[in-house]
Amino acid sequence: MVPTGETAAFDVVVVGGGPGGYATALYGASAGLSVAVVEKEKVGGTCLHRGCIPAKEFLETAAVFRTVADAKEFGVQAEQPTVDFAVSQARKQKVVEQLYRGLAGLMKGRGITTVPGTGSLLAGHRVKVTGPDGERELSGRHVVLAAGSVPRTIPGFDVDGTVVMTSDEVLDLERLPASVAVIGGGAIGCEFASMLADLGSQVTVLEALDTLLPGCDEDVVGVVSRAFRKRGITVHTGVAVHDHQPTGSGTVVSFGDGQHVTADAVVVSVGRRPATDGLVADGAGVEIDGRGYVVVDPFQRTTAEGVWAVGDVVPTAQLAHVGFAEGIVAVKGILGEPAVPVDYTRVPWGIYCQPEVAFAGLTEAAAREAGFDVVVKKDPFGGNSRARIIGETDGLVKVVAERGADGRAGRILGVHMVGPWVTEQLGQGYLAVNWEATVDEVAAFVQPHPTLSESFGETVLALTGRGLHVA
Ligand code: NAI
């Protein structure tokens, strides 16, 4: 630990210990660099403490609930399940704590110095750390900014943690609200809507654009929208949210053309903004753009020599694994090794609502818009034997390929999945897109049967012009 009032020198000082920062630190330490990580809370960041991990843990609680509720269909007699949310909350926290201790131990074991406090970049690769016990200064041959992001809010919806919440507060609830208005139908909005509805809340989603999950393939969105409707989730798309009037026990949210919805709680999930307030002192030479993001080139270099930025502080997809990838690119640059920039058009996406969504590469609409002549095939999970066995047949696999000079489907441009466990099935689709594999190459591989993942192979086989189960 660095004593207060003193300066310590490292090869790399990382500001922020979330996925972008800890990946940079672990990868750098693996390469023999001396690394310090400045963290004002706990290493693990939003993903581990207030985002991906706790949200997916609650979604798993919802999945267990559905399994028990549907047990009778399999001849398994179980009482109608009820949720003791305090137990669910405690289990979630235990999972988070175990992973936190694992990560902290891994970093320590790798020789990384974790410095508690808030870091601010000064000129000359120095980082001022304001900690609970005073100030200290770190200097690095290189500095990596990885301070992450915080939830955005909207005017008129001041977060009070009980009636108006963001993802931060929802994940700490002790009791589930009986009714919820979710503002924003993106990844977070759909995950919370799905989880809360499964556990018994009455959910209304209010989305400004004319579709849920903007940016996802429209066939995928169609499946999610229908599944939400079937489970009693009310979705209003293309509506502006105006304001809300607290009622004492809840609130009335007004939206659209004179419409309103009464709810015990409001979850605001309208995106996240970079946490760059006070991150960089004047004179440090790092450009911040008008929206607050750190400006970087494809190699994660900021406008100041020797200062890099990764994760949610840069204007790229706000995904933990993108932060990991950007951290690796930055460390390779620091080491003077050749690095391949992250190709943001082909990173994997996973959204853990029920049914799950996973994709990599271009949607059909984006491919056409980019000028590709495309060939498309879809394989619904209704025809997949494993999906029938597990009783989850909602969903499909869709593969978008470029039409070759011979008129047949050639290079695979995008793979889009919605349905059971698709976040665990995307791997081969991701590789196909990123390897720029052709339909004929992928179709030559054997898929294990019966599996959910063979639907991808089936869809690609169909794209060759001769399918087995898919025409
Ligand atoms: P988002 O950008 O994915 O979605 C926000 C949604 O809110 C958009 O559909 C937008 O049109 C809508 N919106 C914005 N202002 C609105 C308003 N005033 N009224 C109604 N709707 C409004 O952001 P989200 O869901 O908050 O997630 C934040 C970030 O975290 C995203 O970049 C997301 O990709 C990432 N994330 C990824 C997950 C995953 O991959 N599993 C899970 C959760 C979040």
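When a ligand or atom number is given, it counts from 1 through the structure's own listing order.
The local environment of CD in Glu218 is sparse, with at most 12 non-hydrogen atoms from other residues, nucleotides or ligands closer than 6.0 Å. Atom NE2 of His260 has 12 or fewer heavy atoms from other residues, nucleotides or ligands within 6.0 Å. Annotation: Gln98, atom CD; neighbour count of heavy atoms from other residues, nucleotides and ligands within 6.0 Å is above 12. Atom OH of Tyr344 is surrounded by more than 12 heavy atoms from other residues, nucleotides or ligands within 6.0 Å. No more than 12 heavy atoms of other residues, nucleotides or ligands shown are found within 6.0 angstrom of NZ on Lys40.
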Assess the residue pair Gln93 and Glu57 against the criterion (side chain to side chain donor-acceptor pair (under 3.5 Å)); give the C-alpha distance rounded to whole Å, side-chain angles, the decisive distance to 0.1 Å, and a yes or no.
CA-CA 9 Å; Gln93 207 47 43; Glu57 206 282 342; over 6 Å; no
As a quick check of understanding, evaluate side chain to side chain contact (heavy atoms under 4.5 Å, CB included) for Thr393 and Arg388, giving each step before the final call.
CA-CA 6 Å; Thr393 49; Arg388 286 273 156 209; 3.7 Å; yes
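Nearest heavy-atom pair, Lys332 versus Ala339, reported as atom, atom and distance to 0.1 Å: CB-CB, 3.8 Å. Closest non-hydrogen pair, Ser167 versus Phe192, comes out as CB-CE1, 3.5 Å. In plain terms, the two heavy atoms of Gly21 and Val310 that are nearest each other are N-CG2, 4.5 Å.
Of the protein's non-hydrogen atoms, the one nearest atom 25 (O) of ligand 1 is Ile188 N, 2.8 Å. Remark: minimum distance from atom 21 (N) of ligand 1 to any protein heavy atom is reached at Ala208 N, 3.1 Å. For atom 7 (O) of ligand 1, the closest heavy atom belonging to the protein is Gly184 CA, 3.3 Å. Scanning the protein heavy atoms around atom 5 (C) of ligand 1, the nearest turns out to be Ser269 O, 3.5 Å. Nearest protein neighbour of atom 36 (N) of ligand 1, counting heavy atoms only, is Ala187 CB, 4.0 Å. Looking from atom 18 (N) of ligand 1 to the surrounding protein, the closest heavy atom is Ile154 CG2, 3.8 Å. Of the protein's non-hydrogen atoms, Glu207 OE2, 2.6 Å is the one closest to atom 11 (O) of ligand 1.
Counting heavy atoms closer than 4.0 Å to ligand 1, residue Val270 contributes atoms from both its backbone and its side chain. Within the 4.0 Å heavy-atom criterion, the part of Glu191 lying near ligand 1 is the side chain and not the backbone.
The residue among Gly271, Gly350, Gly186 with a heavy atom at the shortest distance from atom 23 (O) of ligand 1 is Gly271. Comparing His236, Arg152, Gln318 by heavy-atom distance to atom 31 (C) of ligand 1, the nearest is Gln318.
Inter-residue side-chain proximity for Arg50 and Glu41 is flagged as met; some heavy-atom pair is nearer than 4.5 Å. Between Val38 and Val14 there is no side-chain heavy-atom pair separated by less than 4.5 Å.
For ligand 1, the atoms closer than 4.0 angstrom to any heavy atom of Ile351 are 41 (N). Close approach of ligand 1 to Leu206 (heavy-atom distance below 4.0 Å) involves ligand atoms 20 (C), 21 (N). The contact set between ligand 1 and Leu319, taken as ligand atoms under 4.0 Å from a residue heavy atom, comprises 37 (C), 40 (O). Remark: ligand 1 atoms within the under-4.0 Å shell around heavy atoms of Pro214 are 9 (O). Interface atoms of ligand 1 facing Trp349, defined by a heavy-atom separation under 4.0 Å, are 34 (O). Ligand-side atoms of ligand 1 in range of Tyr352: 41 (N), range being under 4.0 angstrom from any heavy atom. Near Ile183, meaning under 4.0 Å from any of its heavy atoms, are these atoms of ligand 1: 19 (N), 20 (C).
Geometrically, ligand 1 and Leu209 share no nitrogen or oxygen pair separated by less than 3.5 Å.
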